[in-house]
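For ligands, and for the atoms within them, numbers begin at 1 and follow the listed sequence. Keep in mind that the numbers below use all heavy atoms, side chains included, and drop hydrogens, waters and symmetry copies.
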Amino acid sequence: MPTKPFASSTDLDAKQQTLEVLADGVYALTAEGDPNIGAVEGEDFVVCFEALATPVVAARWLAILREHTDKPVRYLVLSHYHAVRVLGASAFDAEVIVAHENTRALVAERGKQDWDSEFARMPRLAEGADSVPGLTWPTLTFSDRLTIDLGGDRGDLVLQYCGRGHTEGDIVAWLPRPRILFAGDLVEAEAALYTGDAFHREWSGSTLDRLAGIGAETLVGGRGGVSRGADAVAAAIAQTRHFLQVLLAEVGRVRERGGTLKEAFERAHAALVDDYGRWPIFEHCLPFDVSRVWDELSGVERPVIWTAERDQEVWAQLQT
Ligand SMILES: [Zn+2]
């Protein structure tokens with residue numbers, strides 16, 4: 001059987017972007033399953049959440065944001081280290097770039113390889129790739145919690161680490177008063193999960209428990225639409241957890257009976273496709289996801305670095 005086209009290399013149709021005003025001065029831009037981004041107005045500055053893949057693409061988002069506010073970007077918050085979330089940073093001209101301390105370490109350790117890997121997997125997101133000036137380096141990091149006073153009577157924006165999950169360094173941004181949570185890739189609403197850099201057991205357990213315990217009433221996940229209302233938030237978290245648990249169970253079963261990675265992929269695919277197969281990037285993600293679950297269950301503590309070459313090898317092995 002022929003190999004399927006690599007990752008999202010043939011997904012070239014532009015997605016519809018939608019700016020949603022979630023509360024006074026709180027914005028989310030969603031894009032039919034492409035990476036979501038957000039912004040929160042302070043009294044005399046803006047905090048942006050996520051930076052998209054290139055300055056060219058980020059500038060387009062900023063132009064939309066500028067229809068609502070012309071305050072300067074003081075803080076750019078990066079939820080994690082992935083290239084399509086961080087390499088547009090220079091367009092924001094932010095005073096401070098905030099991330100978890102593990103994210104800074106991951107940029108140093110594997111940022112360049114991830115950049116090459118991600119831009120080849122999904123070239124559509126990397127429009128204007130030549131405009132990326134280099135890796136994005138956080139200028140302020142923290143380990144557990146960091147609070148930004150928004151000024152005036154706007155309250156706080158709380159940045160919080162919930163444990164290892166989609167990567168080793170995911171953070172969420174929480175607005176206590178309107179109860180809005182920007183969850184990054186720790187939660188996806190009707191989009192498949194990428195788990196190639198993940199810690200499935202911790203993510204599906206204590207990390208999502210902690211995230212759910214925040215008590216959000218509106219949730220902006222990494223991809224997919226905004227979840228509005230406690231029930232929709234709970235559903236998005238539950239579906240994220242379910243995807244992880246099915247991956248763990250199916251891959252674990254094949255591994256325990258001495259099966260192969262390819263068999264594990266086929267079992268996981270069969271178990272997930274009815275619920276998630278129609279969602280964006282399902283086929284794209286699954287080979288990388290299964291490969292990492294297999295490693296995790298085999299005792300490989302930290303994810304093996306994805307390179308453009310390793311991507312192709314795993315794809316050829318599994319997506320045929
Ligand atoms: Zn990611």
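When atom types are taken as modelled, the side chain of T240 and the backbone of E188 share a donor-acceptor pair closer than 3.5 angstrom.
Protein-derived N/O/S atoms nearer than 2.8 Å to the Zn ion (ligand 1) total 4, waters excluded.
For F282 and W279, the distance between ring centers is not under 6.0 angstrom.
Residues in residues 57-81 take part in these side-chain hydrogen bond (donor to acceptor under 3.5 Å, both in side chains) pairs, two or more places apart or across chains: E41-K71, E50-S79, R60-E127, H80-H82, H80-H166, H80-D185, Y81-D197. Residues in residues 286-301 take part in these side-chain hydrogen bond (donor to acceptor under 3.5 Å, both in side chains) pairs, two or more places apart or across chains: R164-E301, T195-D289, H200-E296, R201-E296, R255-S298.
Donor-acceptor pairing under 3.5 Å is recorded for the side chains of D170 and T167.
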Can you give the donor-acceptor pairs under 3.5 Å from side chains of residues 210-224 to other protein atoms, not counting sequence neighbours?
from, atom 1, to, atom 2, distance (Å)
R210, NH1, C162, O, 3.0
R223, NH1, G33, O, 2.8

